[in-house]
There are 2 protein chains.
Amino acid sequence: MTDTAPRPTLEAVAARAGVSRATVSRVVNGGDGVREPLVERVRQAVEELGYVPNQAARSLVTRRHDAVAVVIAEPEARVFADPFFALQLRGISKELTAHDNQLVLLLTEGRDDHARVARYLAGGHVDGALVFSLHLDDPLPGLIQGAGVPTVFGGRPGWSDGRAADTGPTLYVDSDNRGGARDAVRHLAALGRTRIAHITGPLDQTSAADRLDGYRDVMGDADPGLVAESDFTPAGGERAMRDLLDRRPDLDAVFAANDLTAAGALRVLRERGLRVPEDVAVVGFDDMLPVAEQTDPPLTTVRQDIEEMGRLMARLLLRRLDRPGGTGSGPGPRATAPEQDVPPGEPDGAEAAVVLPTTLVRRASA
Amino acid sequence: MTDTAPRPTLEAVAARAGVSRATVSRVVNGGDGVREPLVERVRQAVEELGYVPNQAARSLVTRRHDAVAVVIAEPEARVFADPFFALQLRGISKELTAHDNQLVLLLTEGRDDHARVARYLAGGHVDGALVFSLHLDDPLPGLIQGAGVPTVFGGRPGWSDGRAADTGPTLYVDSDNRGGARDAVRHLAALGRTRIAHITGPLDQTSAADRLDGYRDVMGDADPGLVAESDFTPAGGERAMRDLLDRRPDLDAVFAANDLTAAGALRVLRERGLRVPEDVAVVGFDDMLPVAEQTDPPLTTVRQDIEEMGRLMARLLLRRLDRPGGTGSGPGPRATAPEQDVPPGEPDGAEAAVVLPTTLVRRASA
DNA sequence: TTGAAAGCGCTAACAT
DNA sequence: ATGTTAGCGCTTTCAA
């Protein structure tokens, strides 16, 4: 039996230090208003006993959990085809950890899980939520705002209709999909390409829609035949590329909505005997290393700082929870919170966004 | 202000239903020993009030949290170069969800975080832990066993020295790295290849070491010059492949310890004008789709069912926690727990393992 | 500055 | 079968 090593309570520490429980509590929570010698005595007792506060007891009275839920809705397994969420999670985790908050991960598999997640959030088990909503018509974001939990979204949420704005402004962090797309297309144009095609992502995702908008910003009302809708997968990229080539055999550049798609396009191009970048220049999006560096030729692409997005989401939420410096539970020295500046979004409208810049990474494909 | 919508308590429900708190508690926790009409009345009151149990209060008395920590130690960013952990997480999440348990994610960035994690686990915030230990000399597993929390490891833990076995048997789930490697090499041999080289992973990781053992099982004491140590990265694969080719220009097959490495090897092979699989056959390991399907030619590789590993880890832990059917918190209908059979490991020695089979996926490279 | 005391919302003996 | 009661370990007024 490994169990029942009865952990010491506040009471035990108090007894050992010869003070009251209240004093121990004060010391454990920062020690303000307790005289030095006592602080020392208590610290020692804590040390000797190996005291760790019981979070449940604490939460019961403070109604705080120092925990944040991360909700990832994964309509398809696609989510895991790239390290996107992993990086995001890492950024989130770092920031949360620096503020002594726990990360509760909620993965959903379609509608069935919505109710579960909503119930959990409404259940007040966590102080806030970080939510990745992918689809325009996803009901989850709405449910979550309904749950009344402070929330920050990852990626621009695509509210299809009027939503409950009374819950306060919608906060989100996104990368500059539109601007990045513009850069990509401008780069192609600067290379002298004029018949620049675009393979889109699934347009019910805001990231894909925004990239298409960026393409259009630069291309104006170019031949709609230069745009092929696709789905962020390599197979989809192949299909789209074939269509494009059939429609416009004269195209001289392709901007693909992500690297996976670009990889598919590259294969079709090679198969048709077209040289990259001589005959057709190709630019991707994401700078997803295992793909972008492995293609032949290596992919010129638009990089987004995914980990930073995660960090920012967490920072925004924590700030919203009004928890600037962490809670400092436990006897150890507090983590030093980096607490950098969060770029200001819209003042205080119904939507407040932090949009991260992207950068073009030049490799051989364009 | 969105706050302070004071959530109803057990007391409120009891009042509304005209029963005692105890009765409500019973109903909420399954309703055994309460007569039907009362159950109904209580259910209704719960419904009307939108009552959700306060988990903190509950944990305080039951000393259970219905939460499990997942600890992922990531020595390098490598962890996120492939969807390995994402898939694992998904498997874990599914199983945990089916049993109404929460997933608390703990990501560590090197030694500094060890203490934090150990403290958290020892702090009794979760009922158990699922731990991914990658390195032979990783102190984390030891710390964790020391924390006295029921734990299941992902991947065979590489205890370098005698460890505290008094914490009970070490449970782990792994895939059959050694057997998979044997299959790969045998496949190559069956193709008529005789000079089969091996590019290893970092040998301080048990998965890499086990794959090397599998290679040796089949190759016997073949020329050590046919083995090149590498690091699971594409760049490392390139380097190793070059070495190998320099040492043994006559080699006719390569078994790479993972797909990323194989992709690097493939590039070098092509660069040297060698045809795959005609001149050199190549087999990878993992069946990491975005890579294995995108290489040229597509990679023959050993697939491991990563999501299943995760599911199994969770199942094992839950079982160890003696929680066969979930706790059924909340008013909703209970999730039906699939509760499949867990393949039996060693009877009850110091180590109990569940080793999942691998399968060879044939594509064009071998 | 420190201590005493009153709960936070729930479960689990123990009565009835 | 149902109700009563005593805490679980902590924070937080309120007094001293």
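Note that the structure is predicted; figures quoted are calculated from it, not measured.
Rounded to a whole Å, the CG atom of B:D32 is 14 Å from the P atom of C:dT11. Straight-line distance from the CD atom of B:E36 to the P atom of D:dA1: 13 Å, rounded to whole Å. Rounded to whole Å, atom P of C:dA12 lies 10 Å from atom CZ of B:R26. What separates CG of A:L60 from C1' of C:dA6 is a distance of 13 Å, to the nearest Å. Nucleotide C:dA4 holds its P atom 11 Å from the CD atom of A:E11, rounded to whole Å. For the pair B:D66 CG and C:dT11 C1', the interatomic distance rounds to 14 Å; values are reported in whole Å. For B:N54 and C:dG7, the CG to P distance is 18 Å, given to the nearest whole Å. Rounding to whole angstrom units, CD of residue A:Q55 and C1' of C:dC8 are separated by 14 Å.
With distances taken from any side-chain atom of A:S25 to the nucleotides D:dT2, C:dT2, D:dT12, the minimum falls on D:dT12. Across D:dC10, C:dT2, D:dG3, the shortest atom-to-atom separation from the side chain of A:R58 is found for D:dC10.
Atoms CE and CG, on B:M313 and B:L89 in that order, are 9.5 Å from each other to the nearest 0.5 Å. Note: A:L103 CG to B:L106 CG = 8.5 Å, rounded to the nearest 0.5 Å.
A sub-4.0 Å separation between OP1 or OP2 of D:dG3 and a side-chain N or O of B:S20 is present. Distances shorter than 4.0 Å separate some side-chain N or O of A:N29 from OP1 or OP2 on D:dT11. In this structure, A:T23 reaches the C:dG3 phosphate: one of its side-chain N or O atoms is under 4.0 Å from OP1 or OP2.
Under the 4.0 Å criterion applied to side-chain N and carboxylate O atoms, A:R43 and A:E47 are not assigned as salt-bridge partners.
Checking A:V61 against B:A57, the closest nucleotide of DNA chain D that is more toward the 5' end is the one next to B:A57. The residue among A:T9 and B:P37 whose nearest nucleotide of DNA chain D lies closer to the 5′ end is B:P37.
Among the heavy atoms of the strands lying under 4.0 Å from B:R21 is at least one base atom, whether or not backbone atoms are also near. At a threshold of 4.0 angstrom between heavy atoms, the contacts of A:R63 are confined to the sugar-phosphate backbone, with no base atom among them.
Side-chain atoms of B:R7 and base atoms of C:dG9 include no donor and acceptor less than 3.5 Å apart.
Not counting sequence neighbours, B:H114 has no partner by the ring pair (Phe, Tyr, Trp, His ring centres under 6.0 Å) test.
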Give the C-alpha distance, both sets of side-chain angles, the deciding distance and a yes or no for side-chain hydrogen bond (donor to acceptor under 3.5 Å, both in side chains) between A:E40 and A:Q44. CA-CA 6 Å; A:E40 211 34 63; A:Q44 181 136 353; over 6 Å; no
